Amino acid sequence: MASERDVRARLRLAGQEHLLRFWDELAPGPRAALLAQLAELDPVALREHCQRAAAACARPPGPCPELAARLRPLPPERVGSMSHGDPEARQRWEEEGLRQIALNKVAVLLLAGGQGTRLGVDYPKGMYRVGLPSQKTLYQLQAERIRRVQQLAGERHGVCCTVPWYVMTSEFTLGPTATFFREHDFFQLDPSNVVLFEQRMLPAVSFEGQAILERKDKVALAPDGNGGLYRALADHQVLEDMQHRGVDFVHVYCVDNILVRLADPVFLGFCVLQGADCGAKVVEKTDPQEPVGVVCQVDGVPQVVEYSEISPETASLRASDGSLLYNAGNICNHFFTRGFLQTVAKWLTLMAWPGPPPREFEPLLQPHVAVKKVPHVDEQGALVKPLKPNGIKMEKFVFDVFPFASNLVAFQVQREEEFSPLKNADGAASDSPSSARRALLAQHYRWAVRAGARFLDAQGTPLPAQPCLPPNEDPPAICEISPLVSYAGEGLDVYLRGRTLRSPLILDETRARELLLAQDP
Ligand code: UTP
């Protein structure tokens, strides 16, 4: 183990000697723990990390003035659409996606290393229940969608197939997620097809460029952003595991979108038939100032440009059909070929990091600044839970690799069908447990009504049938459909056509069977 003297010298080099300021007060156990943690930090890397964080935070926020002239939308031939495309093309994409799934060539990869500070729970967000009638968690909904899409592809091609589930976690989420999966019997997935791995952590830094002490004997660390994926893939030989299983295509998604379609055959098929190495699902922006990144080109290179970098004038530009010119809102729902991920992981392992990278890799490593509340100890060693942001977490984003793609495509989907993220606690204006629950129940109500169901309230009074609901409005009846019964609204007619059902309805496999039996003479 490194000695106190060694570690002190390394910290001096890094300009971070304050991390040992409570040394004299510490008992042997905490001393050893602190030394072990500090010994892992490379002094040059630590110095650069802290300097870079403070410098990035000091840069005035706001749009890049010279960006407007360099910005272009993606060319139309690179953009597919769920709603505007012709139905035959959509069917072709879906067929191709199901074929690839049936061939065991598709995996899903969940980004679940975030701390969910805005939601404010002390467990992983995937374990959150938004208050559905079934009480399902986000993890359970996702597992069931995997099971259903395997079944759909298997039935179509007369095979038994597997979509492995890779779950990137962090120091905060690995333990509880692993326990939760075990306690729930992996939601009936084969545990050998569920692979948990852990991303790296980075020190949180004060606005003055000093690494923060969370306790007298512990440096505050935060996960390195969802773009930490690429290094984590290399750290844990995840791509080798994929290769071993024959996986060629990976659907990467965020934990918090309650409507996410795992291994969506239509999106996969579109990307595969386009010969894409990278793909991004996008939704039309609701208004020019909506705070989402935009998939577009800068100097002809496809990438995601953050909303804060685009001026209000540029964000408001309109195309000839009246739609926003930059309207491809990124929803962190991506397609990658394994080959592309392998190339990125290889570059990363070739580089010393976070020392100065070769120029061509800079965008890959350019961290983004997140200003957050970081619990810490004050000068006297008392614990402080800050009420306003006091620290900088440096994060990489999963889309930072887009500029390296040789053929990036975007695929536009309908927001009400595919995107409702859970970011904030209830009481917030948007992206809360209530809005996520409403989005899912509204979708299931629409599917049921389109399949021919009618609903009664608890007193038996008929409720209106509204196949098109205004956004953000509660549906007239409560209907929750298990992903094991329907993945995207398909196959519901056999249970629901001509039926009048009492709200609330939970259409799970048992209820679906009962409805089928009740129809037989
Ligand atoms: P967010 O940027 O919304 O962050 O993550 P978050 O941690 O969930 O929530 P806040 O900002 O603290 O409130 C988007 C997705 O990226 C994952 C999250 O788990 C989520 O699926 N993520 C984020 C990681 O996997 N690792 C990270 O380091 C950060």
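All figures in this text were calculated on a predicted structure; none of them were measured in a lab. In each ligand, atom 1 is the first atom listed, and ligand 1 is the first ligand listed.
Closest to atom 9 (O) of ligand 1 by heavy atom, among Gly116, Gly114, Gly227, Pro124, is Gly116.
Every atom of ligand 1 with a heavy atom of Met168 under 4.0 Å away is listed here by number and element: 25 (O). Taking every heavy atom of Val255 and a limit of under 4.0 angstrom, the matching atoms of ligand 1 come to 19 (O), 21 (O). For ligand 1 and Lys372, the ligand atoms under 4.0 Å from any heavy atom of the residue are 10 (P), 11 (O), 12 (O). For ligand 1, the atoms lying closer than 4.0 Å to a non-hydrogen atom of Lys423 are 1 (P), 3 (O), 14 (C). Residue-ligand proximity, Gln199 to ligand 1, at heavy-atom distances under 4.0 Å covers atoms 24 (C), 25 (O), 26 (N), 27 (C), 28 (O). Against a heavy-atom cut-off of under 4.0 Å, Gly225 is close to the following atoms of ligand 1: 26 (N), 27 (C), 28 (O), 29 (C).
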Trp347 and Phe404: ring pair (Phe, Tyr, Trp, His ring centres under 6.0 Å), yes or no, with the steps?
CA-CA 11 Å; Trp347 287 336; Phe404 300 100; 5.0 Å; yes
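By the 4.0 Å N-to-carboxylate-O rule, Asp248 lies close enough to Lys105 to be salt-bridged with it. Residues Asp264 and Lys281 are paired through a salt bridge, judged by an N-O separation under 4.0 Å between the basic side chain and the carboxylate. Salt bridge Arg200/Glu40: absent, no basic N to carboxylate O contact under 4.0 Å. Between Glu416 and Arg446, none of the side-chain N atoms (NZ, or NE/NH1/NH2) sits under 4.0 Å from a carboxylate O, so this pair counts as no salt bridge.
Closest non-hydrogen pair, Glu395 versus Gly225, comes out as CB-CA, 3.7 Å. In this structure, Gln297 and Pro73 approach most closely via the heavy-atom pair NE2-O, 2.9 Å.
The protein heavy-atom contact nearest to atom 16 (O) of ligand 1 is Asn226 ND2, 3.1 Å. Atom 17 (C) of ligand 1 has its closest protein heavy atom at Leu111 O, 3.6 Å. The shortest contact between atom 12 (O) of ligand 1 and any protein heavy atom is with Thr117 OG1, 2.6 Å. Looking at atom 8 (O) of ligand 1, its nearest protein heavy atom turns out to be Lys125 NZ, 3.3 Å. When only non-hydrogen protein atoms are considered, atom 15 (C) of ligand 1 lies nearest to Cys254 SG, 3.4 Å. The nearest heavy-atom contact from the protein to atom 7 (O) of ligand 1 is Gln115 N, 2.9 Å. Protein heavy atom in closest approach to atom 25 (O) of ligand 1: Gly113 N, 2.8 Å.
Contacts of Glu214 classified as salt bridge (charged side-chain N to carboxylate O under 4.0 Å, His left out), with partners at least two apart in sequence or in another chain: Lys218.
Contact check for Tyr128 versus Val255: no side-chain heavy atoms found under the 4.5 Å cut-off. Within the 4.5 Å cutoff, no side-chain heavy atoms of Val194 are placed close to those of Phe187.
With a heavy-atom cut-off of 4.0 Å, Ala112 touches ligand 1 through its backbone alone. The backbone and the side chain of Arg118 each have at least one atom closer than 4.0 Å to an atom of ligand 1 (non-hydrogen atoms only).
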